[in-house]
Amino acid sequence: MKTPPTTRLDAFVIAICGLMAVTMPAHAATVPCEDMLRDMRAAKAKATLSDADMAKVNDLEAKAVERCNADDDTRSDKFLTEAMALIGK
């Protein structure tokens with residue numbers, strides 16, 4: 001028995017929608033690194049941290065800037081999220 005064309009088209013559309021659902025959240029979750037860097041620096045300026053924690057924050061900031069300059073917002077945001085956690089934000 002031959003599959004009707006609409007059934008094949010429906011299966012194709014469902015497959016494409018499934019792929020989009022899997023890939024879109026990863027892109028939607030990324031914040032522009034420039035925005036996140038600005039927020040982290042503002043929080044860092046107001047923070048009272050130990051020398052060891054400030055050194056960690058500065059190291060994470062340097063890594064984030066390097067990744068941001070390379071247009072790797074996902075990894076940059078990861079470093080900035082870690083820095084914000086140390087700051088307490």
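These figures come from a predicted structure and were not determined experimentally.
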Asks: When you look at CG of Asn69, are more than 12 heavy atoms from neighbouring residues, nucleotides or ligands closer to it than 6.0 Å?
Replies: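 Counting other residues, nucleotides and ligands, CG of Asn69 exceeds 12 neighbours.
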
Asks: Any heavy-atom pair between the side chains of Met54 and Asn58 that's under 4.5 Å?
Replies: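 A side-chain contact exists here, since the closest heavy-atom pair is under 4.5 Å.
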
Asks: How long is the span from the CG atom in Asp71 to the SG atom in Cys33, to the nearest 0.5 Å?
Replies: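 Those atoms lie 7.5 Å apart.
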
Asks: With Asp35, which residues qualify under salt bridge (charged side-chain N to carboxylate O under 4.0 Å, His left out), at least two apart?
Replies: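 By the salt bridge (charged side-chain N to carboxylate O under 4.0 Å, His left out) rule, Asp35 matches Arg38.
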
Asks: Using salt bridge (charged side-chain N to carboxylate O under 4.0 Å, His left out) as the criterion, list what pairs up with Asp53, not counting sequence neighbours.
Replies: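 By the salt bridge (charged side-chain N to carboxylate O under 4.0 Å, His left out) rule, Asp53 matches no residue at all.
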
Asks: Where do Met36 and Thr81 come nearest, in terms of heavy atoms and distance?
Replies: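 Heavy atoms only, the tightest pair is CE-OG1, 3.0 Å.
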
Asks: Nearest 0.5 angstrom please: Leu86 CG to Lys44 NZ, how far?
Replies: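 Rounded to the nearest 0.5 Å, the CG-NZ separation comes out at 12.0 Å.
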
Asks: What are the two closest heavy atoms between Ala83 and Val57, and how far apart are they?
Replies: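 The pair with the smallest heavy-atom distance is O-CG2, 4.0 Å.
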
Asks: Closest heavy-atom contact between Ala47 and Ile87?
Replies: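 Reported closest heavy-atom pair: CB-CG2, 3.8 Å.
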
Asks: Considering only heavy atoms from C-beta outward, does the side chain of Leu37 approach that of Val65 to under 4.5 Å?
Replies: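 Yes - at least one pair of side-chain heavy atoms lies under 4.5 Å apart.
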
Asks: Considering non-hydrogen atoms only, spot the tightest contact between Met40 and Met84 and give its length.
Replies: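 Minimum heavy-atom contact is CA-SD, 3.4 Å.
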
Asks: Taking only residues two or more places apart in sequence, or in another chain, which ones meet Asp59 in a side chain to side chain contact (heavy atoms under 4.5 Å, CB included)?
Replies: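 Scan of Asp59 (side chain to side chain contact (heavy atoms under 4.5 Å, CB included), adjacent residues dropped) gives Lys63.
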
Asks: Should Arg41 and Glu61 count as an ion pair when the cut-off is N to O under 4.0 Å?
Replies: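 Looking at Glu61 together with Arg41, the answer is yes, because their closest N to O distance falls below 4.0 Å.
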
